[in-house]
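Lettering of chains follows the sequences in order, A, B, ..., and the numbering in each one begins at 1.
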Number of protein chains: 2
Amino acid sequence: MPLYFQLAQQLEAAIEHGALTPGSLLGNEIELAARLGLSRPTVRQAIQSLVDKGLLVRRRGVGTQVVHSQVKRPLELSSLYDDLEAAGQRPATTVLVNTVVPASAEVAAALGVAEDGDVHRIERLRLAHGEPMAYLVNHLPLGLLDLDTGQLEATGLYRLMRSAGITLHSARQSIGARAATRDEAERLGEEEGAALLTMQRTTFDDTGRAVEFGTHTYRPSRYSFEFQLLVRS
Amino acid sequence: MPLYFQLAQQLEAAIEHGALTPGSLLGNEIELAARLGLSRPTVRQAIQSLVDKGLLVRRRGVGTQVVHSQVKRPLELSSLYDDLEAAGQRPATTVLVNTVVPASAEVAAALGVAEDGDVHRIERLRLAHGEPMAYLVNHLPLGLLDLDTGQLEATGLYRLMRSAGITLHSARQSIGARAATRDEAERLGEEEGAALLTMQRTTFDDTGRAVEFGTHTYRPSRYSFEFQLLVRS
DNA sequence: TCAATCTCTATGTCCGGACAATCTGACTAC
DNA sequence: GTAGTCAGATTGTCCGGACATAGAGATTGA
């Protein structure tokens, strides 16, 4: 494990349990490096990683300070399943459809495959505490992944992709809202015309291939998107 | 302007207009540094900044590649006004309320001020192409900023804060949906009960102070949140 | 023919130093 | 008393080098 990473973890832990209080100066880098027996670049790399996380602020001529505001979790590409599990919500999944269909124009454009070419289609109902929370429709290119219904019900799609050796890189998302159709309302236990939260996402791996295209609808009474974001400087 | 920054800009421009095609190797760092007359750390810093932007991928033992997928814009803390302006949408603002009120419990908690203590309250209607797009309610602590109604109608709140010397650092957001109340519907030109997209945001400066708390409602037919996000590694 | 091993290559980590830019606070001059 | 100036402190940038690590392909052996 790299030295700068170890130092970053130690500093983060010190901030976490209050050894480094918000607003306090971290002490100058060169002295800190000498005290720890490290070089300044190594110390700087550790500090920089925490600055990128939003825990520290550096000011030239002043020093490095611990920020006051509690940073919860910056936005990252995560799966609903993992989010719910981390929140202690006991997610459950019902796979409604797991099949192969010809790609619609929208799906083909998103995944970069030929229109009417075969793609996986899965429809899932995600439950938390036994209540419907979201209705998830996903399309995937063929050949990337074995989509076993049992595994899909036991874990999240992203975890399956990662364990299949796919390195997720980035995703393009669009979050909106609309009124529920009759079918959607029925599936989610809402009234027809009720407000639904929607999210569309195309996920890419590190070679730039689209590996997943999802169209999700959420019950706004049960779910909202919570995240923290930093000013890029 | 720092050398690594100049190099990063050059590389980004080369990617932009196709001189560096997706998937192509960038050539090894040490040789690149020699060719440019720079040191490897400088070249690495330039490359790293583009990796953080999602434009490049590094693989040990392989090299640095240009990613295939077109990265549009990573999520950043931006104002609706600037977003609309950048999209060529000609935003306009009507200030409905610009006053000082005692803080409600919710506002006091978000801003970290005393309950019933005075805070600014502004209510604005944001229009695009002459049509209502969003209804924006913001609360700000006193003393940070002069809230001139004329300026609020001419530009965005974030731009005003920045020009007042406030360094924005991070924000916590929550995006949801709900049905429009009678009043909301009337303001936005929707039907009562129509689905609305909602966003709550608390913004912090780099000292950790909360500098703004906003509760916004958007017409989903006119606006959705679009962004790209990267996997943190 | 297939699998294990080796070698080459490129990035990852780390060091030590040098000078520049900027902010703060104290000092000085008016 | 106030404003301008100066010095100290601290981070920002940049250099040049060294060794470690991981991936890919070629080589070698069974």
- Could you label the plane-to-plane angle of the B:Tyr223 and B:Tyr218 rings as parallel, tilted or perpendicular, counting under 30° as parallel and over 60° as perpendicular? parallel

- Residues two or more places apart in sequence or in another chain: which of them pass salt bridge (Lys or Arg N to Asp or Glu O under 4.0 Å) with B:Glu123? B:Arg121

- Residues B:Val211 and B:Leu111: closest non-hydrogen pair is C-CD2, 4.5 Å

- Item | Close side-chain approach of A:Val43 and A:Leu7, heavy atoms under 4.5 Å | yes

- Task: May I ask you to say what B:Pro2 touches in the nucleic acid, namely base, sugar-phosphate or nothing, with a heavy-atom cut-off under 4.0 Å?
- Result: sugar-phosphate

- State which residues pass ring-ring contact (aromatic ring centres under 6.0 Å, His included) with A:Tyr4; sequence neighbours excluded, sorted by chain then number. none

- Query: Taking atom P of C:dA10 as reference, at what distance in whole Å does atom CG of B:Leu56 sit?
  - Reply: 17 Å

- Where do A:Ile175 and B:Phe227 land on the side-chain contact (heavy atoms from CB on, under 4.5 Å) test, with the steps shown first? CA-CA 9 Å; A:Ile175 297 176; B:Phe227 52 90; 3.9 Å; yes

- Pairs where residues 1-18 of chain B contributes a residue and the test salt bridge (Lys or Arg N to Asp or Glu O under 4.0 Å) is met, not counting sequence neighbours: B:Glu12-B:Lys53

- Message: Over all strands shown, is A:Leu38 touching base, sugar-phosphate only, or nothing at heavy-atom distances under 4.0 angstrom?
- Response: sugar-phosphate

- Task: Considering only heavy atoms of chain A and a distance under 4.0 Å, specify the first and last nucleotide of DNA chain D in 5' to 3' order that meet this criterion.
- Result: D:dA9 to D:dT13

- Kindly calculate the angle separating the two end axes of the helix from C:dT1-D:dA30 to C:dC30-D:dG1, each obtained from five base pairs, and round it to 10 degrees. 10°

- Message: Using only modelled atom types and a 3.5 angstrom limit, is any donor from either the side chain of B:Arg40 or the base of C:dT13 paired with an acceptor on the other?
- Response: yes

Could you go over nucleotides 23-26 of chain C and give all protein N or O partners under 3.5 Å, atom names and distances?
| unit_1 | atom_1 | unit_2 | atom_2 | d |
| --- | --- | --- | --- | --- |
| C:dC23 | O4' | A:Arg60 | O | 3.1 |

- NA contact type, B:Leu3, heavy-atom cut-off 4.0 Å: base, sugar-phosphate, or nothing? sugar-phosphate

- Query: Do the charged groups of B:Arg40 and B:Glu31 touch, with an N to O distance under 4.0 Å?
  - Reply: no

